[in-house]
Amino acid sequence: FVNTLVGSPVCAPSRGCLATGKEYDYSGMEQNMMDLPTNETTFYQLLQNNGYYTMVTGKDDLTKLTGVGIDGSYRSSQLGFSAQHRCMDKTALPVFYPNVTDPFTDYLSNQ
């Protein structure tokens with residue numbers, strides 16, 4: 001990707017920039033281990049409010065501090081997603097072990 005830009009050099013703040021449409025300093029996510037503040041309006045909410053069906057798949061990092069919930073639905077509708085198949089990233093597994101905290105760890109624990 002030669003001609004690519006991101007809002008921040010780390011995951012969650014960069015995704016916060018995408019979600020809010022704001023520059024890094026104003027997105028509400030200054031570091032990785034944060035959740036997008038509940039008072040921030042997301043691009044996905046605006047799409048949904050205008051009749052679009054929105055979906056997220058994988059890790060969105062918008063609730064990186066608290067996680068996505070055992071079924072991935074934690075704050076998904078509040079963030080503006082009509083549907084979801086969310087999970088946390090693999091680096092979160094050792095932090096929460098042995099607690100099952102998201103669909104990915106639930107799957108792994110049953111193998």
Side-chain angles (χ1 to χ4, degrees):
F1 301 105
V2 177
N3 298 311
T4 305
L5 299 172
V6 294
S8 170
V10 290
C11 300
S14 189
R15 291 169 192 215
C17 292
L18 285 172
T20 62
K22 296 180 179 179
E23 290 184 26
Y24 168 73
D25 294 344
Y26 304 101
S27 71
M29 297 182 78
E30 294 86 27
Q31 57 184 337
N32 249 347
M33 291 309 291
M34 294 184 74
D35 288 351
L36 186 71
T38 56
N39 64 332
E40 289 290 345
T41 300
T42 68
F43 179 61
Y44 321 116
Q45 290 169 327
L46 297 175
L47 287 171
Q48 213 176 34
N49 292 342
N50 285 282
Y52 287 88
Y53 182 87
T54 58
M55 182 175 180
V56 62
T57 301
K59 64 177 195 144
D60 57 57
D61 282 346
L62 298 176
T63 54
K64 195 156 187 161
L65 178 64
T66 55
V68 298
I70 189 67
D71 62 356
S73 67
Y74 176 71
R75 280 188 61 197
S76 64
S77 61
Q78 186 271 328
L79 291 166
F81 299 120
S82 305
Q84 57 77 28
H85 289 285
R86 296 166 75 200
C87 66
M88 295 179 67
D89 66 40
K90 62 187 174 293
T91 61
L93 297 179
V95 175
F96 295 108
Y97 181 82
N99 300 320
V100 176
T101 57
D102 73 302
F104 181 63
T105 53
D106 183 46
Y107 170 79
L108 290 177
S109 67
N110 290 309
Q111 296 306 307

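Position 1 is the first residue of the sequence, and the numbers go up from there. Values below: all heavy atoms of this structure, side chains included; hydrogens, waters and symmetry mates excluded.
For Arg86 and Thr63, the side-chain atoms include at least one donor-acceptor pair closer than 3.5 Å. No side-chain N or O of Gln78 forms a donor-acceptor pair with one of Thr38 less than 3.5 Å apart.
Summarising the geometry, atom CZ belonging to Phe43 is positioned 15.0 Å from atom NZ belonging to Lys22; distances are rounded to the nearest 0.5 Å. Atom-to-atom distance recorded for Met34:CE and Leu65:CG is 8.5 Å, nearest 0.5 angstrom. Of the inter-residue distances, the one linking Arg75 atom CZ with Leu36 atom CG reads 6.0 Å to the nearest 0.5 angstrom. Note that CG of Asp61 and CG of Asp35 are 10.5 Å apart. Values are rounded to the nearest 0.5 Å. Atoms CG and SG, from Asp60 and Cys87 in turn, are 9.0 Å apart once rounded to the nearest 0.5 Å. For the atom pair OG of Ser82 and CG of Leu47, the computed distance is 9.0 Å after rounding to the nearest 0.5 Å.
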Stepwise side-chain contact (heavy atoms from CB on, under 4.5 Å) test for Lys64 and Asn32 | CA-CA 7 Å; Lys64 195 156 187 161; Asn32 249 347; 4.0 Å; yes
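The shortest side-chain heavy-atom distance between Ser27 and Glu40 does not fall under the 4.5 Å cut-off. Met29 is not listed as a side-chain neighbour of Tyr24, based on a closest heavy-atom distance of 4.5 Å or more. Side-chain contact between Lys59 and Arg15 is present, with heavy atoms from C-beta onward closer than 4.5 Å.
Clustering ILVMFWY residues whenever any of their side-chain heavy atoms sit less than 4.5 angstrom apart, transitively, puts Met55 in a cluster other than the one holding Leu18. Hydrophobic clustering of Ile, Leu, Val, Met, Phe, Trp and Tyr side chains at less than 4.5 Å, counting indirect connections, unites Phe81 with Tyr52.
Checked by atom type and distance alone, the side chain of Gln45 pairs as donor or acceptor with a backbone atom of Thr42 at under 3.5 Å.
The nearest pair of heavy atoms linking Tyr53 to Ala83 is OH-CB, 3.0 Å. Closest approach of Ser14 and Gly7 over heavy atoms only: OG-N, 3.7 Å.
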